[in-house]
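Protein chains get the first letters and strands the later ones, always in sequence-line order, with residue 1 at the start of each.
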Amino acid sequence: MTQISLTFPDGNARSFDAGVTPADVAADISNSLAKKAISATVDGEHWDLAWPIKTDASIAIHTLKDEAPALELIRHDFAHVMARAVQEIWPDVKVTIGPVTEHGWFYDFDRAEPFTPEDLGQIEAKMKEIINARDPVRTEVWDRERARQFYMDNGEPYKVDLVDRIPEDADIRMYWHGGWQDLCRGPHLQHTGQLPADAFKLMGVSGSHWFGDVTKNLQRISGVGFRNREELKAYMTFLEEAEKRDHRRLGREMDLFHMQEEAPGQVFWHPNGWTVYTTLQDYMRRKQRKGGYQEVNTPQVVDRKLWEASGHWEKYQHNMFIVEVDESRDGENDDATVRNKEHTRINALKPMNCPCHVQVYNQGLKSYRDLPLRMAEFGSCARFEPSGALHGIMRVRGFTQDDAHIFCTEDQIQEECARFIDFLEDVYRELGFDDFEIRFATRPEKRVGTEESWDHVEGALENAIKAVGRDYVLEPGDGTFYGPKLDFYLTDAIGRVWQCGTFQVDPNLPERLDANYIDSDGDKKRPFMLHRACLGSFERFIGILIEEHSGKLPFWLAPRQVVVASITSEADDYVAEVVDALTAVGVRAEADVRNEKINYKVREHSVGKVPVILAIGGREVTERTVSLRRLGEKQTRTVALDDVVKELGDEALAPDLR
RNA sequence: GCUGCUGUAGCUCAGAGGUAGAGCACUCCCUUGGUAAGGGAGAGGUCGAGAGUUCAAUUCUCUCCAGCAGCACCA
């Protein structure tokens, strides 16, 4: 028998017969390890305890203590056990796929009747039965045709499709526990009893589609699963906390904005929310000015001709708000819904700013000396987003981008890209986001332009990201048909990621809209256009900002910064004086001289997320001080009026002005 | 847009085939109280919209609208 050498994490190596399994190795080390073992990592690959090892390798045996592999395995097998439970209860249900997710798993089923909440309870109970049965898991590698035939015979069309989707060189691994079978590459636990029956919960049913095919509706049951009950409990607590941070809830509680049926996907900003919005906008305007951008403003209602010329009409007309105007209308008696076709002009609310910016660029001749030309707009756009896509103020139909387009030469792209990443990093940091993800989307299959040009432009972006020393995720084939892009992602309260910033290279639109410049050699040339947004849209970014801070916005952004609260009515005059002094240095301060106890006022303004409460009673009046209390802190501080005005005045400055 | 669920007072929710309730918030009165809810009284609803079944619909059925979760989409 051939011997192989296995190296353990501590560096020691031992020799075993070739074909030894990690289960054998664990048993060889100790009885208790053999019992506790759940999987192994062999040469960096997550390995089933039952799979043979045939060559020299490094090995680490995992138990439940090893969080990452343990959770991976548990969730994976929960998915299988759930699918089995479903098929045992409803044998006519077709199974599809059931991957592991961030906190659990889901499994998609094809079943004519909808699953109900009561069904979920029944499934959970059945899952516990299966776990208690401690059915051993068995896997076999099968020949592709045999597996295909097997699923044909068993009436599992989705599995047949899956077999066909498995790459040529990959093994087809069949998996059983009890009498139940699935197709799965593994690895797996050794028996169903290794699953913690008290550490999972089915979270709900939703719809899904088979590999993006909208004609095939499936039902997705998702669950969360952990190593033990405590971890599950901690997760449920996290969910409750996250719900309190939801921007839709805080938007109401803090009186920031509302939305209503008559304007789905559009925001009614209240005074508090609009203060946040305009404060952020003022900040961005200063940053952009310093960054070498010129600000412009362009029309909302634009004739379809421009969208046809830009190419957007063809591709996106169904997602545009169309405004038809009968220009022959002349009298007050005309019914606005009746149109004289001949004289009707079809416009679209602008869904994006770029074509308009090219119109501004195209006014007058441009020289190579004008490039790079950075044109910014807080551009209000409208897109008829599918109803199911709307989500609070994060995904809306009316929004304002902090948009800009940089007209430049191909050679300037890298420098402009690096500049932009610096700009964005600086802004995100000042707004409290050190943590964001960059995704680099490269040339798709269907594209325009030469390979040399793609090589050059992709290279420019890649060099620019590398220059700032940040990690990025490569998304091959996800670029637009005309150029590669970088997208910048932030995370909301429950971990959903949202695209905020973006940077796209576009040689196409200048071509379509005939933008050009006179080069140093006197020839007319075509500029590149770089589309970029830093926050993305004010709506989405403010949504993220609210969730990130749980509503406790940094002082300079907080809509209500200071409440000056009287303790007795004798303090009222002095309260007014304090409010005036703070207002004079740019602090948003308000008086609360209502006939209420200080406890009541402190509670109310704390709930309202006001960062600073200044309480004023008889003592403060005589001493000309204030009693300062910060949100989230229990202790108070007595500060002289002049000092508090200075302190809060400084704090009210935006980070770029300090 | 698709699948499923939801829609009752400003908010969170209860309710039943015979035209509505609680807590908080709101208004007024009493209370001038020292850092997260003092006490009392009052006002407030076309039960998302429309149609149907019924003697009778907020309740049952259908259609539409909006919201929620996921999918699909996201220039």
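Rounding to whole angstrom units, CD of residue A/E253 and P of B/G10 are separated by 17 Å. Put simply, CG on A/N319 is 10 Å from P on B/A75, counting in whole angstrom units. Between A/E308 atom CD and B/A75 atom C1' there is a gap of 16 Å when expressed in whole angstrom units. Rounded to a whole Å, the CZ atom of A/R383 is 11 Å from the P atom of B/C74. In this structure, A/N599 atom CG and B/U32 atom C1' are separated by 13 Å, rounded to whole Å. When rounded to the nearest whole Å, the span between CD1 of A/I221 and P of B/U3 equals 18 Å.
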Could you run down the sub-3.5 Å N/O contacts of the protein with nucleotides 40-50 of chain B?
none

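The phosphate of B/G70 (OP1 or OP2) has a side-chain N or O of A/R496 nearer than 4.0 angstrom. For the OP1/OP2 pair of B/U3 and a distance below 4.0 Å, the side-chain nitrogens and oxygens of A/S206 include no atom meeting the criterion. For B/U32, the OP1/OP2 oxygens have no side-chain nitrogen or oxygen of A/K597 closer than 4.0 Å. A close approach under 4.0 Å does occur between a side-chain nitrogen or oxygen of A/R248 and OP1 or OP2 of B/A69. In this model, the phosphate group of B/G1 is not approached by any side-chain N or O of A/H318 to a distance below 4.0 Å at OP1 or OP2. Remark: A/R252 is in phosphate contact with B/U12, judged by side-chain N or O atoms under 4.0 Å from OP1 or OP2.
Among the atoms of the strands shown, base atoms are found under 4.0 Å from some heavy atom of A/P351. Heavy atoms of A/P264 sit under 4.0 angstrom from primed sugar atoms or phosphate atoms, though from no base atom. A/H531 comes within contact range of no nucleotide atom at all, as no heavy-atom separation falls under 4.0 Å.
Here B/A66 sits opposite B/U6 as a Watson-Crick or G-U wobble pair (both hydrogen-bonding atom distances under 3.5 Å). With a cut-off of 3.5 Å on both Watson-Crick or G-U wobble distances, the partner of B/A41 is given as B/U27.
Rounded to whole Å, the C1' atom of B/G10 lies 8 Å from the corresponding atom of B/C26. For the C1' atoms, the distance linking B/C47 with B/C13 amounts to 13 Å, nearest Å. Across B/U46 and B/U58, the matching P atoms stand 13 Å from one another, rounded to whole Å. One P atom belongs to B/G7, the other to B/A14, and the distance between them is 8 Å to the nearest Å. Spacing between B/C65 and B/C24 at atom P, rounded to whole Å, works out to 39 Å. As rounded to the nearest Å, B/A43 and B/A37 have P atoms that lie 29 Å from one another.
Side-chain N or O atoms of A/R588 include one that pairs as donor or acceptor with a backbone N or O of A/P559 at under 3.5 Å. With A/R397 contributing its side chain and A/G265 its backbone, the two residues share no donor-acceptor pair below 3.5 Å. The backbone N or O of A/F109 sits nowhere less than 3.5 Å from a side-chain atom of A/K94 that would complete a donor-acceptor pair.
Taking only distance into account, the side chain of A/S569 meets the base of B/U32 through a donor-acceptor pair shorter than 3.5 Å. Remark: the A/R629 side chain and the B/A36 base include a donor-acceptor N/O pair separated by less than 3.5 Å. Not a single donor-acceptor pair, N or O on each side, falls under 3.5 Å between the base of B/G67 and the side chain of A/Q260.
In this structure, A/H258 has its ring center under 6.0 Å from that of A/F268. Between A/H318 and A/W313, the gap from one ring centroid to the other reaches at least 6.0 Å.
Pairs engaging residues 493-507 of chain A under the salt bridge (Lys or Arg N to Asp or Glu O under 4.0 Å) rule: A/D492-A/R496 [sequence neighbours left out].
Listed nucleotides: B/A37, B/A75, B/C73. Nearest to the side chain of A/Q504: B/A75. Of all nucleotides listed (B/A69, B/C71, B/C26), B/A69 comes nearest to the side chain of A/H391. Closest to the side chain of A/R603, from the set B/C71, B/A36, B/C74, is B/A36. Looking at the side chain of A/E620, the nearest of the listed nucleotides B/A75, B/A36, B/G34 is B/G34. Distance from the side chain of A/N217 is smallest to B/U3 among B/A72, B/A75, B/U3.
For A/K485 and A/E475, the salt-bridge test fails: no basic side-chain N is under 4.0 Å from an acidic carboxylate O.
When each of A/Y489, A/F488, A/F541 is checked for a ring-ring contact (aromatic ring centres under 6.0 Å, His included) with A/Y428, only A/F541 meets the rule.
Remark on RNA chain B: of its neighbouring residues A/G617 and A/Y316, the 5'-side contact belongs to A/G617, judged by nearest-heavy-atom nucleotide. Residue order along RNA chain B, read from the 5' end via each residue's closest nucleotide, puts A/R619 first among A/R619 and A/M320.
Within 6.0 Å of atom CD in A/E243, 12 or fewer heavy atoms from other residues, nucleotides or ligands are found, so the atom counts as exposed in its surroundings. More than 12 heavy atoms of other shown residues, nucleotides or ligands fall within 6.0 angstrom of atom CD in A/E253.
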